Amino acid sequence: MKELEPLESRGHLLTEQSNPNSQELDRLSSLELVDLFVQEDARVLEAIAACREAIAQGIDVTAESLARGGRLLYIGAGTSGRLGVLDAAECPPTFCTPPELVQGILAGGEAALVRSSEALEDRAEDGALAMAEREVTAKDVVVGISAGGTTPYVQGAIAEARQRGATTLFIACVPVEQVPSQADLEIRLLVGPEVLAGSTRLKAGTVTKLVLNILSTSVMVKLGKVYGNRMVDVSVTNQKLRDRAIRTLVDLTELSRPEAESLLDRCEQRVKLALLVHWSGVEVEEGRSRLQAAGGQLRKALEGE
């Protein structure tokens with residue numbers, strides 16, 4: 001029988017430590033449990049604020065890469081990977097982006113979304129292979145997500161992505177002194193030990209999802225997917241989204257709801273095009289050309305009249 005290699009202890013990691021505020025967790029009442037979680041989750045926003053400059057840099061480099069034809073690829077294992085998949089999946093309906101523009105890569109693939117296969121996170125070669133299979137290039141941004149920072153699957157992906165010239169970001173909930181990385185940009189979200197020791201689906205998962213929300217939404221804002229605070233590139237694929245598109249047109253114009261519906265139908269279900277056509281008085285084809293010339297930026301297309 002092959003002798004197993006000595007397992008390196010991860011007990012020193014911030015995410016693995018025991019939280020002194022929850023030492024009596026199993027003895028608390030339901031109300032005391034809620035109060036404890038509220039108290040601990042307050043650290044999530046503090047951790048994000050402490051990383052505001054790094055997150056802003058991540059937004060800028062990602063927006064620039066996508067504007068040049070690159071992609072945003074999240075990669076992780078377990079909860080971290082699932083959060084990347086979730087964020088990526090929400091982009092097409094919200095911003096009408098092609099599914100390949102923002103992708104989530106999870107160790108174990110789709111099956112791992114609903115059934116844990118955490119052992120797969122130990123395979124650095126699989127992370128590297130995921131980058132090769134997606135033909136990652138210097139145009140792309142790869143965001144490695146690992147709450148504890150040590151996931152070999154993520155480290156392997158980042159190393160391969162760097163070798164291919166991609167811009168790499170690393171999101172972790174441990175300080176750099178505990179787990180260094182090779183990434184170009186690091187976002188260290190230090191939320192402290194979990195209420196349930198080592199359960200990084202809690203504060204670490206929450207803070208990661210919030211940062212992914214900020215990153216992807218802000219990138220889409222910079223790419224012209226938003227006008228004011230309205231999602232003018234919403235994909236009208238069901239009744240709820242059609243209603244939202246119509247209400248956006250009604251709110252931003254002086255049109256009645258039937259008039260807004262008619263305008264939306266005439267403009268290929270595209271809110272951005274409908275607004276340009278309405279405000280500029282141009283035909284649909286001319287509006288389409290102006291938007292294309294403006295790189296999809298509605299404000300720029302309007303200013304170019």
Side-chain angles (χ1 to χ4, degrees), residues 56 58-74 84-104 134-135 137-141 212-305:
I59 293 167
D60 289 339
V61 297
T62 304
E64 290 167 7
S65 293
L66 268 56
R68 295 196 303 267
R71 301 167 297 175
L72 170 60
L73 306 174
Y74 300 123
V85 171
L86 175 61
D87 194 77
E90 290 168 343
C91 287
T94 307
F95 303 109
C96 204
T97 55
E100 60 271 18
L101 186 69
V102 183
Q103 300 180 35
R134 285 159 182 80
E135 299 179 334
T137 73
K139 290 183 179 179
D140 299 321
V141 174
L212 298 186
N213 286 348
I214 295 170
L215 177 64
S216 59
T217 302
S218 301
V219 167
M220 295 303 163
V221 169
K222 288 183 173 289
L223 293 178
K225 301 291 185 183
V226 173
Y227 183 86
N229 63 355
R230 302 304 181 100
M231 51 173 77
V232 291
D233 256 345
V234 62
S235 179
V236 182
T237 53
N238 61 28
Q239 290 301 316
K240 180 188 74 174
L241 295 175
R242 178 173 169 81
D243 173 67
R244 184 178 300 162
I246 293 168
R247 284 188 288 105
T248 297
L249 290 175
V250 170
D251 290 346
L252 295 180
T253 68
E254 295 180 350
L255 295 175
S256 65
R257 185 174 176 94
E259 290 171 332
E261 288 187 74
S262 176
L263 176 63
L264 185 65
D265 291 339
R266 188 158 59 92
C267 292
E268 306 159 348
Q269 308 300 314
R270 297 172 60 189
V271 175
K272 188 190 293 182
L273 178 60
L275 287 170
L276 180 60
V277 166
H278 176 73
W279 284 332
S280 301
V282 299
E283 295 298 323
V284 172
E285 186 172 348
E286 171 65 15
R288 194 187 304 120
S289 298
R290 287 193 185 186
L291 274 176
Q292 186 174 5
Q297 300 274 356
L298 179 55
R299 287 191 188 278
K300 188 175 177 181
L302 289 167
E303 291 167 359
E305 290 180 12

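In this text, all values refer to a predicted model and were calculated from it rather than measured experimentally. We're numbering straight along the sequence, starting at 1.
- For the pair L276 and G287, the tightest heavy-atom approach, listed with the atom from each and the gap, is CD2-O, 3.4 Å.
- Environment of CD in E100: crowded, with over 12 heavy atoms of neighbouring residues, nucleotides or ligands closer than 6.0 Å.
- Using modelled atom types, no side-chain atom of S280 and backbone atom of V282 make a donor-acceptor pair closer than 3.5 Å.
- Residues P92 and A89 approach most closely at CD-O, 3.4 Å, considering heavy atoms.
- Note that the CZ atom of R288 and the CD atom of Q292 stand 9.0 Å from one another [nearest 0.5 Å].
- Nearest heavy-atom pair, V271 versus T248, reported as atom, atom and distance to 0.1 Å: CG1-CG2, 4.0 Å.
- Counting heavy atoms from C-beta outward, V141 and L73 have side chains that stay 4.5 Å or more apart.
- Not counting sequence neighbours, the partners of R247 by the side chain to side chain contact (heavy atoms under 4.5 Å, CB included) test are D243, R244, R257.
- In terms of heavy-atom proximity, E261 sits nearest to I246 at CG-CD1, 3.2 Å.
- Atoms CG and CZ, from L302 and R290 in turn, are 8.5 Å apart once rounded to the nearest 0.5 Å.
- With sequence neighbours excluded, the residues satisfying side-chain hydrogen bond (donor to acceptor under 3.5 Å, both in side chains) with D140 are R71.
- Taking the side chain as every heavy atom from C-beta outward, R242 and T237 never approach each other to under 4.5 Å.
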Discussion item. As a quick check of understanding, evaluate side chain to side chain contact (heavy atoms under 4.5 Å, CB included) for L255 and L263, giving each step before the final call.
Written reply: CA-CA 9 Å; L255 295 175; L263 176 63; 3.6 Å; yes
Practice prompt. Just do the side chain to side chain contact (heavy atoms under 4.5 Å, CB included) check on L223 and T97 with the steps written out, would you?
Written response: CA-CA 11 Å; L223 293 178; T97 55; over 6 Å; no
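- Note that CZ of R270 is 11.0 Å distant from CG of L264, once rounded to the nearest 0.5 Å.
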May I have the list of side-chain donor-acceptor pairs in residues 228-236 shorter than 3.5 Å, sequence neighbours left out?
unit_1: R230; atom_1: NH1; unit_2: D251; atom_2: OD2; d: 3.2
unit_1: R230; atom_1: NH2; unit_2: D251; atom_2: OD2; d: 3.2
unit_1: D233; atom_1: OD2; unit_2: K225; atom_2: NZ; d: 3.4
unit_1: D233; atom_1: OD2; unit_2: K272; atom_2: NZ; d: 2.9

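- Of all heavy-atom pairs between C91 and S216, the closest is SG-CB, 4.2 Å.
- Smallest separation of non-hydrogen atoms from Y74 and L212: CE2-CD2, 3.6 Å.
- Separation of atoms CG (L252) and CH2 (W279) is listed at 5.0 Å; rounding is to 0.5 Å.
- In this structure, the side chains of M220 and V102 come closer than 4.5 Å at one or more pairs of heavy atoms.
- Between E259 and S256, the side chains place a donor N or O and an acceptor N or O closer than 3.5 Å (distance only, hydrogens not considered).
- F95 places none of its side-chain heavy atoms less than 4.5 Å from the side chain of L101.
- In this structure, L66 and K139 have side chains that are not in contact, with every pair of non-hydrogen atoms separated by 4.5 Å or more.
- Between the CG atom of L275 and the OH atom of Y227 there is a distance of 8.0 Å, given to the nearest 0.5 Å.
- In this structure, the side chain of S262 does not engage the main chain of P258 through any donor-acceptor pair within 3.5 Å.
- Note that CD of E64 is 6.0 Å distant from CG of D60, once rounded to the nearest 0.5 Å.
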